[in-house]
Amino acid sequence: MNFSRRRSVLYVPASNTKAMAKTAALQCDAVIFDLEDAVAAEVRPAARQNLRDLFHASAQRADQERIIRINAVGGVPDAEDIAVAAVCKPDAVLVPKVEASKTLAAVRQALDAQAAREPIRLWAMIETPMGIVNLREICQRGSKPEIGLRCLVAGSNDIAKEAGLPLGSARATIEHWLAAIVIHAKAFRLDSLDGVFNDFRDEEGFEHECASGAKLGFDGKSLIHPNQIAPANATFSPSEDAIREARAVIEAFEDPVNAGAGVISVGGKMVERLHLEIARRVLAHV
Ligand code: COA
Ligand code: MG
């Protein structure tokens, strides 16, 4: 399946069957079922079984991606998590704490060994200083078809922890770390997702951080609570104004009067062919 929108991507601990069951009715573009940090080691076997049960029992929704976050301590993929992913065949496996492409290659190899290569894609969490430093190497090799990296996910809590910053005020300091993730994603034609906002009762704070993520150029935001879905969808969708403007640009270039023109005027603004491409991209995300 080809998903064009990743505005709202909700984490759910795979140990929480009640929350997992709820996700099918939620309007988030993707769900990340977590086997990593949100699940204590002693309940991981039960969480793996929960995933088997859920993927076996419920059909994929055409408008919602399903991702499994595995464990990969020291860059080595957890064999039992890989086995679950191979059975469940989610749209993607999210690999935590990626610091080099060899970790992604190891996950790909482990999935291939279980005959589960297609169509499971890889997503990578960038959440350590070394992950940021090695972004180019990770994206360059990871985005090759034989590895299949599709999306970078910022792990803002881990970045703050690694950088020794207080969680509440870390955002301003790590914004340029986040910008590095966006730039590399754009250079290698990957999607990128902003990190989570922990204080899920603080609506104003969340909207503010969503806006900051959209301004940085992220395609969407990773979320921890259903309350965060609607504001994320709104922030990462094109605005009414942007849609109106995109339609006007497309109409203007389709007008026979402008056939062959490279640059025209629309609503008092200079518009070039590159704006036509931008307009088409905007409408593709409506
Ligand atoms: N996905 C789906 N449903 C969720 C959910 C999630 N991430 N978080 C909460 N819900 C559901 C709850 O089950 C509850 O359902 P109910 O009304 O039928 O009882 C409802 O939404 C309201 O939940 P609320 O009481 O406000 O929160 P909570 O105390 O149950 O849960 C958290 C709070 C933070 C523990 C929970 O949101 C959570 O686990 N989030 C994901 C954490 C995670 O995966 N982190 C890893 C990546 S950072
Ligand atoms: Mg993390």
Side-chain angles (χ1 to χ4, degrees), residues 6-16 19 28 30-44 67 69-75 94-100 103 123-136 138 151-185 191-236:
R6 294 183 177 133
R7 303 164 300 174
S8 49
V9 177
L10 179 68
Y11 284 101
V12 189
S15 50
N16 185 343
C28 47
V31 178
I32 298 171
F33 297 101
D34 192 22
L35 286 170
E36 202 223 12
D37 283 352
V39 179
E42 53 277 20
V43 293
R44 250 172 229 149
I67 294 96
R69 182 164 77 167
I70 61 165
N71 290 275
V73 177
L94 174 58
V95 187
K97 302 185 179 75
V98 174
E99 297 191 325
T103 300
W123 289 16
M125 297 220 56
I126 303 299
E127 49 187 346
T128 62
M130 198 53 82
I132 304 271
V133 167
N134 287 339
L135 269 166
R136 183 177 180 153
I138 292 166
C151 185
L152 300 179
V153 186
S156 41
N157 282 333
D158 272 287
I159 290 179
K161 177 182 148 228
E162 296 279 329
L165 298 166
L167 284 181
S169 58
R171 180 82 185 179
T173 313
I174 65 168
E175 271 193 356
H176 62 288
W177 302 46
L178 300 175
I181 295 175
V182 175
I183 293 166
H184 284 81
D191 275 352
S192 61
L193 303 177
D194 198 354
V196 300
F197 184 76
N198 300 328
D199 190 354
F200 59 86
R201 307 257 181 248
D202 176 3
E203 287 172 34
E204 204 181 314
F206 179 71
E207 281 177 24
H208 188 261
E209 200 175 277
C210 266
S212 138
K215 204 167 148 197
L216 278 165
F218 281 110
D219 298 285
K221 190 157 178 68
S222 45
L223 313 175
I224 51 164
H225 194 278
N227 285 350
Q228 298 178 326
I229 296 171
N233 283 346
T235 306
F236 289 96

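Computed from heavy atoms alone, side chains included, the values below leave out hydrogens, waters and symmetry copies. Since the model is a prediction, treat every value here as computed from it, not as a measurement.
- Taking the side chain as every heavy atom from C-beta outward, S8 and F236 never approach each other to under 4.5 Å.
- Distance check, rounded to the nearest 0.5 Å: CG of D158 to OG1 of T128 gives 8.5 Å.
- Closest approach of R171 and S212 over heavy atoms only: NH2-OG, 2.7 Å.
- Residue A185 comes nearest to S192 through the heavy atom pair CB-CB, 3.7 Å, listed as atom of the first residue, atom of the second, then distance.
- Scanning both residues, D194 and G213, for their nearest heavy atoms gives OD2-CA, 3.3 Å.
- In this structure, CD1 in I181 is found 9.0 Å from CD in E127, a value given to the nearest 0.5 Å.
- Within the 4.5 Å cutoff, side-chain heavy atoms of W177 are placed close to those of P129.
- In this structure, the side chains of E36 and K97 come closer than 4.5 Å at one or more pairs of heavy atoms.
- In this structure, the side chains of F33 and L35 stay at 4.5 Å or more apart for every pair of heavy atoms.
- Within the model, atoms CG of D202 and CD of E207 stand 9.5 Å from one another, a figure rounded to the nearest 0.5 Å.
- In this structure, CG on L216 lies 6.0 Å from CG on L178, to the nearest 0.5 angstrom.
- Contact annotation: the side chain of L193 approaches that of R6 to within less than 4.5 Å [non-hydrogen atoms, C-beta and beyond].
- Between the CD1 atom of I67 and the CG atom of L10 there is a distance of 10.5 Å, given to the nearest 0.5 Å.
- A donor-acceptor contact shorter than 3.5 Å is absent between the side chain of H208 and the backbone of E204.
- When side chains are defined from C-beta on, P96 does not count as touching N71, because their heavy atoms never get closer than 4.5 Å.
- Taking all atoms of both residues into account, the shortest heavy-atom contact from F197 to G205 is CZ-C, 3.4 Å.
- Checked by atom type and distance alone, the side chain of Q228 never pairs as donor or acceptor with a backbone atom of K221 at under 3.5 Å.
- By the 4.5 Å heavy-atom criterion applied to side chains, I138 and I126 are counted as neighbours.
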Go through it in stages, so that I can follow the logic: the residues are L135 and L152, the test is side-chain contact (heavy atoms from CB on, under 4.5 Å), and I'd like the CA-CA distance, side-chain angles, deciding distance and then a yes or no. CA-CA 10 Å; L135 269 166; L152 300 179; 4.0 Å; yes
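- Closest approach of R69 to D37, counting heavy atoms only: NH2-N, 3.8 Å.
- The shortest non-hydrogen separation linking A38 to S15 is O-OG, 4.3 Å.
- A distance of 11.5 Å separates OG of S156 from CG of L165, quoted to the nearest 0.5 Å.
- D191 has its side chain out of reach of W123: every pair of non-hydrogen atoms, C-beta onward, lies at least 4.5 Å apart.
- By the 6.0 Å contact criterion, CD on E175 is enclosed, its count of non-hydrogen atoms from other residues, nucleotides or ligands being greater than 12.
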